[in-house]
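All values below come from the heavy atoms of this structure, side chains included, with hydrogens, waters and symmetry mates left out. In what follows, residues are counted from 1 in the order of the sequence shown.
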Amino acid sequence: MIALVRRTAATLLHSQRHLAPVLLFTGVLTVLTVNGRGPLPSAYASSSGALFLCATWLTVVVVGLDDPAGRAILAVSAGGAGKVLLADVATALACCAVLTVPGLLLPLWAGSYEVTPASLLVGVAAQTTAALAGCAVGVICSPQVLPRPGYALAAALGLVLAALFTQGLPPVNRLLHLLSADTGPAALLAPVGGQLAVAALLLAGATGVAHQVGVRRG
C-alpha cells in the first residue's frame, strides 16, 4: 500500500494536475481570512470551506490520473482494484493533511485572532472533517463512478453546493455553522468531533460504493 501511495503521489506531482485545486484553496483561504479578527474558529470556518472544495477537486484528479487500461494493469499488479482506490484516497488525504498546515497558520499571520490551544484543536478537527467530506464527494464524482466528465462535473457541483448550503446538513454545513457561532472553542470540541465522525463514515461509504461500481463496470 505504501508503494502504491508513493507511486500515486509521484504521478500526481509529475502531472502537475494538483496545481489548480491547490491554487483554489490558497486563493479562497487568503481572501476570506486576511485582516480578520475575533474568535479563531470563525477563521477556521473559512479554511475548512476552502479545504472542502480543494479536497473534492483533488480527489477527482487523483482517481482519474490513469486511463482505464492503465488502471486495470495497475490493479492486477497491485493485487486488486480496491487497493488502488484506497491508495488514491490515501494520497488525496495526505495532500489535504499538508494543506491543513497553511489552513491553520495563515489566519494567524493574516489576521488578529484570539489563539488558544482549544481553538487550534478545533481548527485541526474542522479541517480534517472538511478533507474527509471533500474526498467522499470526490470519490463519488470520480471517473471510477462517473466516467463522463460532463456528468461528473454536474454531480460534483450539485453535491458541493448541497453540502455547503443545505441548512443543518452534516457534516459540512453543520460544521460551518458551529464554527461561525459565538461559542467558546472548548465547547466546540465535542460537536465538531461528531461532525468528524460523520465525515469519516461518509468517506468509508463513498469509497465502498465507488469500488463496487468500478468492479461491476470492469
Review point. Looking only at heavy atoms, what is the nearest atom pair of Cys54 and Phe25, with distance?
Key: CB-CB, 3.7 Å
**Study point:** Counterpart residues, salt bridge (Lys or Arg N to Asp or Glu O under 4.0 Å), relative to Arg174 (two or more places apart)
**Key:** none
Exercise for review: Not counting sequence neighbours, list each pair that qualifies as a side chain to side chain donor-acceptor pair (under 3.5 Å) and has a residue in residues 115-133.
Suggested key: Thr116-Ser119
Review point. Mind checking what makes side chain to side chain contact (heavy atoms under 4.5 Å, CB included) contact with Leu53, not counting sequence neighbours?
Key: Leu24, Val160, Leu164
Check your understanding: Are Leu13 and Leu23 co-members of a hydrophobic cluster defined by side-chain heavy atoms under 4.5 Å apart?
Key -> no
Point to revise | Heavy atoms of other groups near Asp67 CG, more than 12 under 6.0 Å | key: yes
Review point. What pairs with Arg17 under side chain to side chain contact (heavy atoms under 4.5 Å, CB included), at least two apart in sequence or on another chain?
Key: Ser15, Val61, Leu65
Review point. Do Leu51 and Leu175 belong together in a cluster built from hydrophobic side chains that touch within less than 4.5 Å?
Key: no
Practice item. If you link ILVMFWY side chains whenever their heavy atoms are less than 4.5 Å apart, which other residues fall into the same cluster as Met1? By chain and number, please. Key: Val5, Leu86
Exercise for review: Please check if the side chain of Asn173 supplies one atom and the backbone of Gly168 the other of a donor-acceptor pair under 3.5 Å.
Suggested key: yes
Practice item. Report yes or no: do Val62 and Trp57 belong to one cluster of Ile/Leu/Val/Met/Phe/Trp/Tyr joined by side chain heavy-atom distances under 4.5 Å? Key: yes
Check your understanding: Is it true that Val22 and Val137 fall in one hydrophobic cluster, defined by side-chain heavy atoms closer than 4.5 Å?
Key -> no
Revision key, fill the gap. Residues at least two apart in sequence or cross-chain that pass salt bridge (Lys or Arg N to Asp or Glu O under 4.0 Å) with Arg6, listed by chain then number, are none
Exercise for review: Could you tell me whether Leu161 atom CG has more than 12 heavy atoms of other residues or ligands within 6.0 Å of it?
Suggested key: yes
Could you pull out all donor-acceptor pairs under 3.5 Å where a side-chain atom in residues 185-207 meets a protein atom, sequence neighbours excluded?
unit_1, atom_1, unit_2, atom_2, d
Thr207, OG1, Leu203, O, 2.8

Check your understanding: Roughly how far apart are Leu132 CG and Phe52 CZ, rounded to 0.5 Å?
Key -> 11.5 Å
Review point. Would Leu120 and Leu40 count as a side-chain contact (heavy atoms from CB on, under 4.5 Å) if you check the C-alpha gap in whole Å, the side-chain angles of each, and the deciding distance to 0.1 Å?
Key: CA-CA 8 Å; Leu120 293 175; Leu40 189 54; 4.0 Å; yes
Check your understanding: Taking all non-hydrogen atoms of both residues, which atom of Leu179 and which atom of Ala126 are closest, and how far apart?
Key -> CD1-CB, 3.7 Å
Check your understanding: Just how far is it from atom CG of Leu99 to atom NE2 of His18, taken to the nearest 0.5 Å?
Key -> 9.5 Å
Review point. Can you tell me how far the CG atom of Leu85 sits from the OG atom of Ser142, to the nearest 0.5 Å?
Key: 7.0 Å
Point to revise | Non-hydrogen side-chain atoms of Cys135 and Leu93 separated by less than 4.5 Å | key: yes
Give every donor-acceptor pair under 3.5 Å between a side-chain atom in residues 149-158 and any protein atom, sequence neighbours left out.
none

Study note, to complete from the structure: Residues at least two apart in sequence or cross-chain that pass side chain to side chain contact (heavy atoms under 4.5 Å, CB included) with Leu105, listed by chain then number, are Val101, Leu108
Check your understanding: Which hydrophobic side chains are connected to Val84, either touching it within the sub-4.5 Å cutoff or through other members that do?
Key -> Leu4, Leu74
**Study point:** Qualifying salt bridge (charged side-chain N to carboxylate O under 4.0 Å, His left out) pairs with a residue from residues 82-94, counting only residues at least two apart or across chains
**Key:** Arg71-Asp88
Review point. Roughly how far, to the nearest 0.5 Å, is OG of Ser48 from CG of Leu178?
Key: 11.0 Å
Study note, to complete from the structure: To the nearest 0.5 Å, atom CG of Leu121 lies from atom OH of Tyr44 at 10.0 Å
Check your understanding: Which value, rounded to the nearest 0.5 Å, describes the distance between Leu58 atom CG and Leu12 atom CG?
Key -> 6.0 Å
**Study point:** Audit row: Leu104, Ser47, side-chain contact (heavy atoms from CB on, under 4.5 Å) steps and yes/no
**Key:** CA-CA 8 Å; Leu104 285 173; Ser47 60; over 6 Å; no
Point to revise | Side-chain heavy-atom pair Cys141, Thr56 within 4.5 angstrom cut-off | key: no
Review point. Quick check: does any side chain N or O of Thr100 sit under 3.5 Å from a backbone N or O of Cys96, one acting as donor and the other as acceptor?
Key: yes
**Study point:** Cluster check Phe165, Leu176: I/L/V/M/F/W/Y, side chain < 4.5 angstrom
**Key:** yes
Practice item. Go through the structure and list residues passing side chain to side chain contact (heavy atoms under 4.5 Å, CB included) with Ser180, not counting sequence neighbours. Key: Ala45
